[in-house]
Visitor: 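This is the structure, below, for whatever I ask next.
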Amino acid sequence: MTKAIRITVEETYQKLQKGNAMLVCAYDSEEQFSRMQLAGAISLPEFKTKLPSLSTDQEIVFYCA
């Protein structure tokens, strides 16, 4: 497993625009997700369902507010 690193908002934006990363809102609660959702983000429960089909080199950006 690779160590998590912090990246800037600008780096995140660039990665998302290029399609190089998946944006995940790191809240289990759908209520919190709906309040904190950023454009293009998926919820943590949705991410968990996609996890088995993701490539091991898929870059994932988690955020919370």
Visitor: Give, for atom CD1 of I42 and atom NZ of K50, the distance between the pair rounded to the nearest 0.5 Å.
Guide: 5.0 Å

Visitor: So how far is it from E11 CD to R6 CZ, rounded to the nearest 0.5 Å?
Guide: 13.0 Å

Visitor: For F62, which residues count as a side chain to side chain contact (heavy atoms under 4.5 Å, CB included) partner, sequence neighbours excluded?
Guide: V24, A26, L44, F47, I60

Visitor: Using 0.5 Å steps for rounding, measure from the CD atom of Q37 to the CD atom of E30.
Guide: 9.0 Å

Visitor: Please check: side-chain N/O of Y27 versus main-chain N/O of R35, any donor-acceptor pairing under 3.5 Å?
Guide: no

Visitor: Taking atom CG of L51 and atom CD of Q58, what is their separation to the nearest 0.5 Å?
Guide: 10.5 Å

Visitor: State plainly whether one hydrophobic cluster holds both Y13 and I5, where clusters connect Ile, Leu, Val, Met, Phe, Trp and Tyr through side-chain heavy atoms under 4.5 angstrom apart.
Guide: no

Visitor: Within the 4.5 Å heavy-atom criterion, are K48 and D28 side-chain neighbours or not?
Guide: yes

Visitor: Answer with yes or no whether the hydrophobic clustering places L23 together with I7; edges join I, L, V, M, F, W, Y residues whose side-chain heavy atoms lie under 4.5 Å apart.
Guide: yes

Visitor: For the CE atom of M36 and the CD atom of E31, what is their distance to the nearest 0.5 Å?
Guide: 10.0 Å

Visitor: Rounded to the nearest 0.5 Å, what separates atom CD in Q14 from atom CG in N20?
Guide: 10.0 Å

